[in-house]
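Bear in mind the structure is a predicted one, so any value in this text is a computation, not a measurement. Letters A, B, ... are given to chains in the order of the sequence lines, protein chains preceding strands, and every chain is numbered from 1.
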Amino acid sequence: MKKKWLLAMLVFLLALSTALAGCGKSEETSGEKNNDQEKSAQSTLVYGRGGDSVSLDPAVVTDGESLKVTKNIFDTLLDYNDGDTSIQPALATEWEISPDGLTYTFKLRQGVKFHDGTDFNAEAVVFNFERWANGNADTFPYYGSMFGGYKNDESHVIKEVKAVDEYTVQFVLKRPQAPFLKNIAMTPFAIASPAAIEKYGDKFGENPVGTGPFVFKEWKRNERIVLEKNENYWLEGYPKLKQLIFVSIPDNSARLNALLKGEIDLMEDLNPADLKQIEGNKDFKIFKRPSMNVGYVGLTATRGPLKNKLVRQALNHAVDKQAIIDAFYAGQAEPAKNPLPPSIPGYNDEIQDYPFDLEKAKQLLAEAGYPNGFEMELWAMPVPRPYMPDGQKVAEAIQANFEKIGVKAKIVTYEWATYLDKAAKGEADAFLLGWTGDNGDADNFLYALLDKDSIGSNNYTYYSNDELHKILVEAQTISDENKRIELYKKAQEIIKEDAPWIPLVHSTPLLAGKANIEGFNPHPTGSDKFTKVEFK
Amino acid sequence: MAELARNEAPIETIQENEKAISPWREGWRRFKKNKMAMVGMGIVLFFILLAVFAPLIAPYGINDQNLSLRLQAPSKEHLFGTDDFGRDIFSRVVYGARISLWVGFFSVLGSVIVGSLLGIIAGYYGRWVDGIISRLFDIMLAFPSILLAIGIVAVLGPSLKNALIAIAIINIPNFGRLIRSRVLSIKQEEYITAAKAIGMSDARILFHHILPNSMTPIIVQGTLAIATAIIEAAALGFLGLGAQPPNPEWGKMLADSKAYLTQAPWTMIFPGLAIMLTVLGFNLMGDGLRDALDPRMKN
């Protein structure tokens with residue numbers, strides 16, 4: 001009896017497993033079919049990246065993950081050239097600057113429509129700038145750091161923005177701002193549909209409506225953002241792709257696996273260690289993003305021992321940058337001594353970096369009154385960034401360096417949005433962060449990241465120096481390039497002495513993608529417009 | 001065999017004549033016969049020795065970074081190779097034994113103490129006391145244990161100590177239920193009725209008579225629980241919720257190795273093996289103990 005039961009069970013199990021195996025197989029074949037179809041005429045590009053966007057309203061965010069998506073939904077008045085940061089027309093076709101540098105007049109492109117069908121015109125431009133100027137550092141952080149504050153602030157650069165006629169808009173400034181055109185071209189200052197902003201209010205960040213090459217379709221948080229071709233795009237014959245999908249795969253190796261398996265077509269933040277693997281594979285190729293970034297350790301100047309300049313200098317002496325680069329960037333980076341990357345005019349190459357010198361570091365700590373070191377937190381970002389492919393590892397290496405001078409650092413991490421938020425509030429002792437230039441101007445690094453005006457927006461270290469402030473504001477107001485370069489060089493000397501950062505690296509971010517991708521030139525700003533990208 | 005059966009009499013009945021062997025010694029005799037159990041105990045002892053003598057065994061410091069020697073294959077200098085910071089994996093695995101055994105042992109000790117206490121109270125007093133405590137256990141058991149652990153760590157903040165606390169908490173109901181059922185049957189025994197009759201206090205009955213008689217299942221369950229606790233600690237470490245860098249916790253080491261799987265598999269193999277072996281050791285030993293200490297399994 002028992003045996004019979006056993007036999008029956010066995011037969012049943014066998015039948016069940018065959019049936020299940022059958023199911024699995026049929027799914028597989030249907031998957032293959034899909035792939036075949038895609039191969040014949042691929043028009044969907046899936047872009048794999050490390051983190052999700054925070055919001056799709058470009059004006060409210062400062063993080064690259066948000067801006068690289070909005071770059072494709074929205075257009076700005078001016079845009080950058082393909083491979084560099086020189087200015088070219090976009091929504092504005094021509095512009096005129098008054099001799100005193102105070103009035104900018106833009107002629108707008110005619111016949112452009114927002115994705116919701118409303119017209120793009122001078123009123124829309126005025127509406128957007130009014131919206132930002134009436135905000136504050138919490139609502140529109142980038143605006144404040146690029147245009148010197150908000151409507152009622154003394155330091156606010158823009159006096160007024162007015163519509164001269166339907167397709168002419170005029171900016172009147174209180175004082176000249178040398179990088180004004182480059183600022184206007186920045187991704188955050190994209191022109192959004194006034195009707196949609198009014199319709200969605202706070203929810204605009206989840207329902208973005210612009211004039212860009214792609215229309216927003218759907219957003220599944222931490223998973224994917226789907227954009228579809230804008231059939232009425234003003235650039236005739238573009239975009240080439242029908243669909244552009246951004247997926248978030250936090251782990252660099254998992255993202256590479258997804259690329260190799262064909263789940264994604266293009267990925268950023270390739271582990272430098274995996275470079276060789278891609279180079280040896282003819283189905284894929286490497287895209288190198290021109291370097292215009294800095295990865296750094298911020299030393300919050302309002303917290304504990306870090307208030308003391310000598311302590312900050314000591315920590316600068318204690319980090320072995322070259323070793324970190326060799327280990328975690330596979331050499332695809334150079335050590336940083338300034339906040340400014342070398343490719344930007346104004347870079348001060350005469351600055352001597354704090355050498356890696358533990359004895360000197362200990363001596364400075366003792367002078368500052370901490371002969372036995374101290375304890376502090378060291379924050380490490382949870383997601384790979386172009387300037388830092390693996391923050392946790394870099395933090396661990398720095399932790400070991402610090403330990404040698406008696407500074408016990410506890411590595412702390414938060415989810416990315418929380419991390420930025422808390423660091424912006426000055427809650428971190430020391431934190432890893434970085435910056436990819438938005439417009440190729442020194443102002444966008446030094447003023448945006450280290451001026452006292454930028455505390456609360458992008459100056460997370462709360463470092464404030466009045467002499468530096470004077471220099472940075474002066475450099476904004478004059479248009480003589482040589483004079484500006486002199487001022488920025490001086491600014492870098494002050495910053496080096498005060499040591500609010502440990503500048504770590506300027507990296508060359510690596511992307512990897514299918515070999516048949518055409519028309520993709522990674523932009524130094526880190527935000528790419530996919531208008532001209534296609535599969536061969 | 002019949003003779004042995006007679007000696008099965010419970011210890012508390014003070015029936016030991018000269019010929020009788022204590023049940024513990026009898027258990028040990030049977031345990032020794034079980035080859036797998038002995039292998040398990042051997043493994044456990046090996047790791048305990050590793051942990052105790054780690055400073056003598058490990059050739060390098062656990063946090064001696066040498067970035068120029070990163071991801072070196074196993075060699076004479078570095079038996080298990082080096083990790084992505086150029087640290088000696090052998091030394092880290094050896095020190096990792098300390099962490100894993102420490103977490104395993106103390107988390108289980110914690111859950112045994114709290115679980116037994118609650119279980120005894122629930123079983124002995126019954127009624128609403130039992131109702132409340134048992135429902136509490138039910139609620140805790142309703143969560144997948146690792147999820148509950150993640151939740152607890154999320155509240156307390158990620159650290160090795162908090163991981164230990166979390167693992168201790170999630171195991172409480174297992175021991176609580178075990179003891180409760182044990183108490184329920186023991187309290188019907190005549191010697192307990194006798195103890196009550198001569199006016200013994202509840203506390204004395206609970207801790208001098210019921211608890212000692214419930215030890216066997218606790219020891220068995222405890223040994224097996226150490227194995228799961230070690231896995232849970234490694235899982236939390238892997239998720240970044242347990243040991244924090246630069247602690248050489250095995251799970252954390254695994255997490256660190258995953259970027260180098262193809263390039264430097266030794267960064268994964270050795271900590272992985274260490275986890276597997278300790279867990280295997282405790283499981284074999286636990287199984288052996290159960291067989292040895294359970295009178296019904298005597299033949």
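A side chain to side chain contact (heavy atoms under 4.5 Å, CB included) with B:Phe282 is found for exactly one of B:Thr228, B:Leu224, B:Leu277, B:Ile230, namely B:Ile230. Between B:Phe85 and the choices B:Leu67, B:Leu69, B:Leu71, the side chain to side chain contact (heavy atoms under 4.5 Å, CB included) rule is met once, by B:Leu67.
Evaluation of the side chain to side chain contact (heavy atoms under 4.5 Å, CB included) rule for B:Phe46 yields B:Leu50 as partners, not counting sequence neighbours.
Across all their heavy atoms, B:Met268 and B:Pro271 have their closest contact at O-CD, 3.5 Å. Taking both residues in full, the closest heavy atoms of A:Ala380 and A:Ala395 are given as CB-CB, 3.6 Å, listed atom of the first, atom of the second, then distance.
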Extract the chain B to chain A donor-acceptor pairs under 3.5 Å, no hydrogen or angle test applied.
unit_1   : atom_1 : unit_2   : atom_2 : d
B:Gln65  : NE2    : A:Glu396 : O      : 3.2
B:Arg70  : NH1    : A:Ala327 : O      : 2.9
B:Arg70  : NH2    : A:Ala327 : O      : 3.1
B:Asp84  : OD2    : A:Lys393 : NZ     : 2.6
B:Arg87  : NH1    : A:Glu396 : OE1    : 3.3
B:Arg87  : NH2    : A:Glu396 : OE1    : 3.3
B:Pro245 : O      : A:Gln399 : NE2    : 3.3
B:Asp256 : O      : A:Lys393 : NZ     : 3.3

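Residues A:Pro389 and A:Phe328 form no side-chain contact, since every pair of their non-hydrogen atoms from C-beta on lies 4.5 Å or further apart.
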